[in-house]
Amino acid sequence: MVKNKIMIPTLKWNNGVVDMIDQTLLPEIYKVISVKTVKQMWDDIKRLAVRGAPAIGCSAAYGSLLGIWKDRSKSTISLYEKFVKDADYLATSRPTAVNLFWALERMKKTAAESLELDADAFKKILLKEADTIFVEDDRMCRAMGQHALKLIPKRKSEFGILTHCNAGGLATSGYGTALSVMYAAAEAGRNIHVYSDETRPLLQGSRLTAWELEQAKIPVTLICDNMASQVMKEGRINMIVVGADRIAANGDAANKIGTCGVAILAKYYGVPFYVAAPSSTFDLTLKDGSLIPIEERGGEEIKCGFGKWTAPRKVDFYNPAFDVTPAKLITGIITEKGIIENPTMAKVKKMIK
Ligand code: MRU
C-alpha cells in the first residue's frame, strides 16, 4: 500500500513567502528555498526550480501575492494596481504551460471583484483564491488517478507503463497528473512497473520521476529516450501515460520535447498512448496544436548540460522545450471529469466546458 509520504510538498505558502523544493538540485540535494519576491519567483519559474504545468500555475498564484503582502498601503486601489502589474510580469516567465496564465487570470479576476474591500481583506481574499487553486489541483489529480484505474488490469504479471518527463507530485500541488495514474494503481494494489524516459536535455525523467517513484516505492526502471523503441518492441510496455502543458480544443497536446516521438512509436507498436491533464491545462481558445507557443531555451542546456561541455562551444543549436502530439495519436485524455477516448473537438468541448 502506498503511504502518504509519496505526497511531496512541492510548494507551500508560508506566512508571506513561498517555500518550494529547488527541483534543479534533485535528486542529489533536497533543498527547500524561500521565495520572497515576485522577481525571485519569476527567476525560479524560468530556471525550472519549480516546473510542470500545474505547479507553475500554483507558484504563480502565490507568487503574485508576494509584492503586495508586506506592502503597508491602506489603499486597495494602489495594491490592486501593483498586484496586476506583478501578475502580468509573472505571466512572461514561461510561454507554453497554459496553467500559468489560467491561474494568474483567476487571481486577477478575484482582485478586480474585490476592490470594495479594505487592504487587509483584499490580501486575504487573494490568498484564499491561491489556496483554492492549490487545493483544487490536488483534487483534480486524485480524480484523474481514480478514472484511470479502469485502464489498468488486475493481474499477476507486471503491467508496464512508460512515461516521459516528470508529471508527478513535483509537477503539481503534490499528487501528479500522469503519475497520479501510477499512484492510484499502486494504492489499489495493481502490479505495475514504470519505465521512465530520462528526458533530454534537462533530465526531468531521471532526476525527478525516477526519484519520486523511488520515494513512493513504486518499481521504476530508467531508460534513455532513445531506448523507448526497443523496450516497446520487447513487449515491456502495456501503456504510455504522459502529462501536458497545454491541450488545444481539438485534443492536440503539448508536452515535454520528445513526447510526440513516443506517441509515434506507440502507434507503430500498438501501445495505447494516454495524456493525463486537469481541465486547467486545456486551452479551448486554440482550435489546434499548431497555435500553441513552444518555448525555446538556451544552448547551454544541450551543449553544456549540468556544467559539462559535450559539444563544440560555438556550434549552432536549436532547443525547443516542447512538442505537440496530434490528437489522432492519442488513445485518450484522462481528466478529472473522466476519460476523453479518441479525442476530437466535439468530445473535448463536451467534457471541458
Ligand atoms: O519544462 P518542464 O519541466 O516544466 O516541463 C514539464 C512537462 O512537460 C510536464 O510533462 C507537464 O508540465 C505536465 S506536468 C503535470
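Note that this is a predicted model, so its numbers are computed, not measured. Sequential numbering from 1 along the given sequence is applied to the chain's residues. Whatever order the structure lists them in is the order used to number ligands and atoms, beginning at 1.
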Does any N/O atom on [X] come nearer than 3.5 Å to any N/O atom on ligand 1?
X: T177; value: no
X: A53; value: yes
X: K256; value: yes
X: G52; value: yes

Region of [X] that comes within reach of ligand 1 [heavy atoms, distance under 4.0 Å]:
X: R94; value: side chain
X: P54; value: side chain
X: N166; value: backbone
X: C165; value: side chain

Checklist entry - Is there a heavy atom of A244 sitting under 4.0 angstrom from any atom of ligand 1? => result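 So A244 counts as touching ligand 1.
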Next on the checklist: Check the orientation of W42 and Y89. Use parallel for under 30°, tilted for 30 to 60°, and perpendicular for over 60°.
Outcome noted: parallel
For the residue pair [X] and [Y], confirm or rule out a side-chain donor-acceptor distance under 3.5 Å.
X: D131; Y: Y62; value: yes
X: Q23; Y: R51; value: yes
X: Y80; Y: S114; value: no
X: T281; Y: W102; value: no
X: D283; Y: T285; value: yes
X: D86; Y: S64; value: no

Which residue owns the protein heavy atom closest to [atom], what's the atom, and how far is it?
atom: atom 6 (C) of ligand 1; answer: R51 NH2, 3.5 Å
atom: atom 8 (O) of ligand 1; answer: D245 OD1, 2.8 Å
atom: atom 10 (O) of ligand 1; answer: N255 OD1, 2.6 Å

Next on the checklist: Any heavy-atom pair between the side chains of F159 and H193 that's under 4.5 Å?
Outcome noted: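 No, side chains not in contact.
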Checklist entry - Is the closest side-chain heavy-atom distance between R297 and L202 below 4.5 Å? => result yes
For [X], counting its heavy atoms only, list the atoms of ligand 1 lying under 4.0 Å from any of them.
X: A171; value: 14 (S), 15 (C)
X: Q204; value: 1 (O), 2 (P), 3 (O)
X: F322; value: 1 (O), 5 (O), 8 (O)

Next on the checklist: I need the D197 CG to C224 SG distance, nearest 0.5 Å.
Outcome noted: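 One finds 9.0 Å between CG of D197 and SG of C224.
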